[in-house]
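Contents: one structure, followed by commentary.
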Amino acid sequence: MSISKDQVIDFIYDEVRMLDEGRYDEWLALWLKDGHYWMPLDYKQSDPHTVTSLMYEDLFMLKLRIERLNGARTFSQKPKSRCHHVIQRPFVDEIDETAGTCVATTFMHYVETRLDEQQLLALTARHELALVDGALRIANKRVDILNCDAAFRNIQLLP
Amino acid sequence: MGHYTGNPDAIRALHRGYEVHRDVYIDPEIYRLEMRHLFANAWVFVGHESQTPNKGDYFATQVGDQPVIQVRHSDGEVHVLYNRCPHKGTKIVIDRSGNTGKFFRCPYHAWSFKTDGCLLAIPLKKGYENTGFENSDSGKGMRAVGAVRNYRGFIFCRLAEEGISFEEFFGGSLSSIDNMVDRSPAGRLEVAGPPLRYLHHCNWKMLVENQTDTCHPMVAHESSAGTAVKLWEELDMPEGTPLPPAMEIIAPFTSPYEFFEKMGIRTWPNGHGHTGVHHSIHSNYSEIPGYMDKMVASYGEEKAKAILGENRHNTVYFPNIMIKGPIQQLRVFIPLAADRTIVESYIYRLVDGPDELTARTAMYNRMINAPTSIVGHDDLEMYERAQEGLHADGLEWVNIQRLYEEGEDFTEEAVENGTTERQMRNQFDAWVRFMTMDMDGVREAAE
């Protein structure tokens, strides 16, 4: 079974909608178990390990992040944050038919709000996807923030 | 001019032993006086020498609210200059770091300066002949801060021309920097990448106090550390499964009060102090293969064990940094206004140490201190609720009374129960002294 460009594009649109609608269980189910969500701190950062990133999280950490959002004593989520992605049509950069993998780049605007504050981040998301049992899954996701070197307030949800 | 300017008695009245007046956190006049007095009289962290390793390398930052440049001069020494052209005030550098070569050149009128600040050249200089220019302050070049000290790679400065010496100011507290640097088999640290930068709408002192606040982790961080422990237990791993690094880092935050009581707090004169005298949340990290061997080769077994046996938690260097020796982290709480603070969290690699240790430190930094950190989120929430709550009338004092004793003497080093708020009281004792020590001087006339 091959991967079509439309399939990749639809996947990414569906993924950000899950995040915006808080359907986190469905979102976690998209991930392969060895995947990492990486948000670099530095512009064009190449090393996630021995310099600081904003996030470099395996599935355990992502589950923890999501579980915490609904905790009874999660004070920074009383009241809860909301988020909204506006995305450009993804660029499907590579499709490897033999391996059943592909890479896509998507430019997005991300808005997160809580109480009277709202922040806007310009993002570049790079998805590494893999076809498993006929469905696309996330092998890795990298999200670069345009002003990654700025001083941020809390970013509590998933850009 | 408000109530506090030129009024040292009013400043002293803000700290009454076990409580402080809310104005220390919310009053803009107090903030301005802190910048003019406290941050001028104290020794304040600037940067690490590895941020400017080569001649002409500079790093722009601020000391209190003063824009400064840390620069490596042609003789190899690190200088700290005010980031201002002596002509019209233009900032000489605007990027955070770079290399300026042999001299700085102002982009406005091309005045140029050696990297120790001395005036080098001015275009069309004959226009200043017979004007008395050589006697003006502007003719002397870029102004340097009052004093600079490079202590084992960490650059500190005192803005004031005269005042307390570096050694007297820090005293025994330098043992925490020593331990952090000694953990490198080569006895040197190097900065690892850019810092996290995190903007808080609260007073800078709330962040400093929180560094030795050992009664908040199990409460404020229940949502992150507590949930992590619960999720790990639900995985039902076989007995004896080693904790993954992320769990080693986050689980100790939810330790019981008894753990924190027994860890101990040490205070030093002039507002410095640390948690984790006997043990800390960093005590039980797993060993990295090969590291101990390198340490023994460098220091001998006895000294290597002593260095690695010291697991101080947070060391506060008054007024505005905290270091974690065991993981080579430094956080600087940069004041922007009474209710605005940027926290920059740096990590350092141990020269000749294993990359695995740097990786653990980078993980700690992003997990605990990033704007995206599930631990940082709850801390920020607490500070900002306090910043807003302090405006409530009817109760104008903030309580720092836990394990308070009448007539506490902060001129002597002391070790106490790890949940004491003595270190916060120690900070305010130093705060009052460094705020008021030059208040009767000429500086006041300019306020």
Side-chain angles (χ1 to χ4, degrees), chain A residues 28 36-81 110 112 114-117 119 121 143 145 147-159, chain B residues 96 191-201 219-228 230-232 234-235 244 246-247 250 329 334 336 341-347 349 355-367 369-374 376-382 384-385:
Chain A
L28 279 174
H36 280 87
Y37 182 118
W38 184 21
M39 185 187 289
L41 173 63
D42 204 2
Y43 185 63
K44 297 190 174 171
Q45 185 173 331
S46 58
D47 172 12
H49 299 291
T50 62
V51 292
T52 308
S53 298
L54 287 160
M55 288 173 62
Y56 184 66
E57 299 197 346
D58 61 11
L59 220 49
F60 179 79
M61 286 301 298
L62 289 173
K63 275 182 190 157
L64 167 57
R65 182 175 285 276
I66 282 161
E67 182 85 6
R68 174 186 166 277
L69 288 176
N70 292 318
R73 288 179 176 162
T74 304
F75 307 110
S76 75
Q77 282 297 298
K78 291 175 180 297
K80 288 190 178 304
S81 305
Y110 172 78
E112 187 176 304
R114 179 175 176 257
L115 291 166
D116 290 334
E117 278 193 42
Q119 65 179 326
L121 300 173
V143 176
I145 301 180
N147 61 337
C148 55
D149 48 0
F152 292 115
R153 310 263 304 133
N154 274 355
I155 301 169
Q156 296 205 56
L157 302 180
L158 286 156
Chain B
R96 295 200 182 103
V191 71
L196 290 162
R197 305 179 71 238
Y198 197 172
L199 177 62
H200 289 59
H201 289 178
V219 183
H221 303 310
E222 181 186 332
S223 76
S224 48
T227 306
K230 183 178 81 97
L231 277 182
W232 180 254
E234 281 171 11
L235 288 178
M247 280 300 293
I250 202 167
Q329 184 201 38
I334 300 174
L336 300 183
T341 306
I342 285 187
V343 189
E344 294 192 339
S345 299
Y346 286 92
I347 60 167
R349 75 174 67 86
D355 284 346
E356 290 91 332
L357 281 176
T358 320
R360 179 153 71 201
T361 295
M363 176 182 274
Y364 188 97
N365 211 27
R366 67 176 180 260
M367 276 178 62
N369 298 126
T372 37
S373 155
I374 57 177
H377 291 159
D378 284 316
D379 279 327
L380 178 141
E381 178 76 11
M382 297 308 127
E384 295 192 354
R385 286 193 194 193

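Computed from a predicted structure; not experimentally measured. To find a chain, count down the sequence lines: A is the first, B the second, and so on, and within it residues start at 1.
Considering CG of B:Asn365 and CG of A:Leu41, their distance stands at 8.5 Å, rounded to 0.5 Å. Here A:Gln156 contributes atom CD and B:Ser373 contributes atom OG; the two are 10.0 Å apart, rounded to the nearest 0.5 Å. With values rounded to the nearest 0.5 angstrom, A:Thr50 atom OG1 is found 12.0 Å from B:Leu357 atom CG.
Contact annotation for A:Glu117: only side-chain heavy atoms (C-beta onward) come within less than 4.5 Å of a heavy atom of chain B. Only the side chain of B:Leu380 comes within less than 4.5 Å of a heavy atom of chain A; its backbone N, CA, C and O stay farther away. Within the 4.5 angstrom heavy-atom criterion, atoms from both the backbone and the side chain of B:Ile374 approach chain A. The contact between A:Pro48 and chain B is made entirely by backbone atoms, counting heavy-atom distances below 4.5 Å. When heavy atoms are compared at a cutoff of 4.5 Å, B:Met363 does not approach chain A at all. When heavy atoms are compared at a cutoff of 4.5 Å, B:Pro244 does not approach chain A at all. In this structure, chain A has a heavy atom under 4.5 Å from the side chain of B:Arg96, while its backbone stays farther away. Both the backbone and the side chain of A:Asp149 come within less than 4.5 Å of a heavy atom of chain B. Heavy atoms of B:Glu384 lying under 4.5 Å from chain A belong exclusively to its side chain. Both the backbone and the side chain of B:Ala192 come within less than 4.5 Å of a heavy atom of chain A. Both the backbone and the side chain of A:Met55 come within less than 4.5 Å of a heavy atom of chain B. No part of B:His221 comes within reach of chain A, as not one of its non-hydrogen atoms sits under 4.5 angstrom from that chain. Looking at A:Leu54, the atoms closer than 4.5 Å to chain B (heavy atoms on both sides) sit in the backbone and in the side chain alike. Contact annotation for B:Leu196: both backbone and side-chain heavy atoms come within less than 4.5 Å of a heavy atom of chain A.
Between the B:Ser223 side chain and the A:Gly71 main chain, no donor and acceptor come within less than 3.5 Å of each other. The main-chain N or O of A:Ile155 is found under 3.5 Å from a side-chain atom of B:His377 such that the two form a donor-acceptor pair.
The residue among B:Val191, B:Thr358, B:Leu231 with the most heavy atom pairs within less than 4.5 Å of chain A is B:Leu231. If you tally non-hydrogen atom pairs under 4.5 Å between each of A:Leu158, A:Val51, A:Asn154 and chain B, the highest count goes to A:Asn154.
The shortest heavy-atom contact between A:Phe60 and B:Ala228 is CZ-O, 3.8 Å. Between B:Ala362 and A:His49, the shortest heavy-atom contact is CB-O, 3.3 Å. The shortest non-hydrogen separation linking B:Arg385 to A:Phe75 is NH2-O, 3.3 Å. Nearest heavy atoms, B:Glu381 versus A:Arg114: OE1-NH1, 3.0 Å.
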**Request:** Take B:Asp378 and A:Arg68 through the test side chain to side chain contact (heavy atoms under 4.5 Å, CB included) and record every step on the way to the result.
**Result:** CA-CA 11 Å; B:Asp378 284 316; A:Arg68 174 186 166 277; 3.1 Å; yes

**Evaluation steps, salt bridge (charged side-chain N to carboxylate O under 4.0 Å, His left out), between A:Lys63 and B:Glu234** = CA-CA 12 Å; A:Lys63 275 182 190 157; B:Glu234 281 171 11; over 6 Å; no

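Applying the salt bridge (charged side-chain N to carboxylate O under 4.0 Å, His left out) criterion to B:Glu222, with sequence neighbours excluded, gives A:Arg73.
No hydrogens or angles considered: nothing links the side chains of A:Thr52 and B:Arg366 as a donor-acceptor pair under 3.5 Å.
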